[in-house]
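Have a look at the structure below, then the notes.
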Amino acid sequence: MLALDFMRQALVAAVLVGIAAPMIGVFLVQRQMSLIGDGIGHVALAGVAAGFLTGTMPLVTALIAAVAAGAAVEFIRLRGRTGGDLALAVMFYGGIALGVVLMALSPTGTPANLTAYLFGSLLTTSSGDLVLFAVLAALVMGVTWVLRPRFFAVAQDEEYSRASGLPVTALNVLLSVLTAVTVVVSMRIIGLLLISALMILPNATGQLLGRSFAATIRWAVAIGVFCALVGVTTSFYAGTPSGATIVLVAIVCFLVTAAVGGLRARVVRAQHERAERHLHEHGPACGHPAVPHGDHVDYLHDGHRHAAHADHWDEHADHADHTHVDEGVHR
């Protein structure tokens, strides 16, 4: 696979997408605007079709259309009477309809071109595209990383952020523009119809693994890169579309993480219940060895470590492991 130029380019592009998409997606999830990537993607399709119709580079026209759509939707959401969900719906259907019509009118546009941009195609990633992808992805990652505290504050509470002096409207518009750029960067690998999945699914998995917002971002980016690389590699050997394969890998990662987390929670609850039913009251004169553990003392009893907590006894996994089995306690 690595002996082929287009596959090496596709893998590099996949890494760029795997980093940029989750970094933007985490703030979209916080703002409950997970579908904005879909809406912008459909308008970007109209930009692609306009490029074919006018003989212009489709990536450039797609970028212009996507950025304009992202800014317009944000202004409609913030200032207009139309709700954000309705504005997204208008952009969603109008963009894809215009794209299909313009592609049909273009002398160089074909159904194959349409499919490649909608669902991604490894064969369409050229060295020139890769350079443009790298520049745009670096811009997205750099701006997002520098402004992440402000994006987080606005996503959590717009009114408090505005009262604190933050330029909320400008930050929201900038986030929409960065989302549009990410959509354009991703459309050759993931496809315009599926890019939102790579923005959202790694973050959903990261929320299950991370214990803080920063940790969630780190997990989301790591999972995004993993899914992109595994998906591209699998699609090459299996002969499947790259975008759909990447999304399926992301779904599997989420389902496996959720299943393992649920199983672990059941084990924790079972151990906790056994500890709560423990009738022996430990203390300095109980005869069981006392083991200092952080800011409290554990008592060894029947191969288990017991520690007083509120009105019950918590149990540690064993006397050789200092990991507490009660979620949220003694971390």
Side-chain angles (χ1 to χ4, degrees), residues 17 20-22 24-25 27-29 31-54 56-78 80 82-106 108-121 124-125 129 132-133 136 140 172-201 241-244 246-247 250:
V17 172
I24 288 294
F27 300 106
L28 298 180
V29 171
R31 293 179 60 198
Q32 297 182 348
M33 294 188 66
S34 301
L35 293 180
I36 190 174
D38 276 332
I40 292 177
H42 285 77
V43 175
L45 178 64
V48 169
F52 278 103
L53 183 63
T54 60
T56 311
M57 189 176 179
L59 281 177
V60 175
T61 53
L63 181 61
I64 294 173
V67 169
V73 167
E74 191 58 39
F75 277 116
I76 291 173
R77 189 184 72 87
L78 293 176
T82 305
D85 57 340
L86 182 56
L88 281 175
V90 171
M91 183 176 65
F92 192 107
Y93 299 116
I96 194 169
L98 181 61
V100 172
V101 170
L102 292 180
M103 191 68 80
L105 295 175
S106 171
T108 59
T110 65
N113 295 135
L114 190 63
T115 302
Y117 282 95
L118 286 176
F119 301 103
S121 174
T124 61
T125 305
D129 294 337
L132 181 58
F133 288 166
L136 294 177
V140 170
N172 283 336
V173 172
L174 179 58
L175 183 62
S176 294
V177 170
L178 292 175
T179 302
V181 175
T182 304
V183 168
V184 174
V185 170
S186 308
M187 65 183 181
R188 290 295 185 90
I189 300 298
I190 306 297
L192 295 173
L193 289 183
L194 298 173
I195 178 54
S196 279
L198 199 63
M199 289 182 178
I200 305 307
L201 288 172
S242 58
I246 292 172
V247 171

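- When all heavy atoms of Gly95 and Ala46 are compared, the closest pair comes out as O-CB, 3.7 Å.
- Once rounded to the nearest 0.5 Å, the distance linking CD1 of Ile96 with CG of Leu118 reads 6.0 Å.
- Residues that satisfy the ring-ring contact (aromatic ring centres under 6.0 Å, His included) test with Phe27, not counting sequence neighbours, are Phe151, Phe213.
- Annotation: side chain of Ile246 is in contact with side chain of Leu198 (closest heavy-atom distance under 4.5 Å).
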- prompt: Is there a side-chain contact (heavy atoms from CB on, under 4.5 Å) between Ile36 and Arg31 once you walk through the steps?
  reply: CA-CA 11 Å; Ile36 190 174; Arg31 293 179 60 198; over 6 Å; no
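- Within the model, atoms CG of Leu59 and CG of Leu132 stand 5.5 Å from one another, a figure rounded to the nearest 0.5 Å.
- Thr56 places no side-chain N or O within 3.5 Å of a backbone atom of Gly51 that could act as its donor or acceptor partner.
- Heavy-atom minimum distance, Gly25 versus Ile200: O-CD1, 4.4 Å.
- Atom CD1 of Ile24 is separated from atom OG1 of Thr179 by 5.0 Å, given to the nearest 0.5 angstrom.
- Gly99 approaches Ala49 most closely through the heavy-atom pair O-CB, 3.3 Å.
- Considering every non-hydrogen atom in both Val140 and Ala20, the closest pair reads CG1-CB, 4.3 Å.
- Separating the OG atom in Ser242 from the CG atom in Leu194 is a distance of 9.5 Å, to the nearest 0.5 Å.
- In terms of heavy atoms, Ala71 sits closest to Ser176 at N-CB, 4.5 Å.
- Although no hydrogens or angles enter the test, the distance criterion places no donor-acceptor pair under 3.5 Å between the side chain of Ser106 and the main chain of Leu102.
- Applying side chain to side chain contact (heavy atoms under 4.5 Å, CB included) to Leu53 and the options Val101, Thr61, Leu105 leaves one that passes, Leu105.
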message: The test is side-chain contact (heavy atoms from CB on, under 4.5 Å); show your working for Val48 and Met103 and say whether it passes.
response: CA-CA 8 Å; Val48 169; Met103 191 68 80; 4.3 Å; yes
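- Considering CE of Met199 and CG of Leu28, their distance stands at 6.5 Å, rounded to 0.5 Å.
- For Ser186 against Val17, the heavy-atom pair with the smallest separation is OG-CG1, 3.5 Å.
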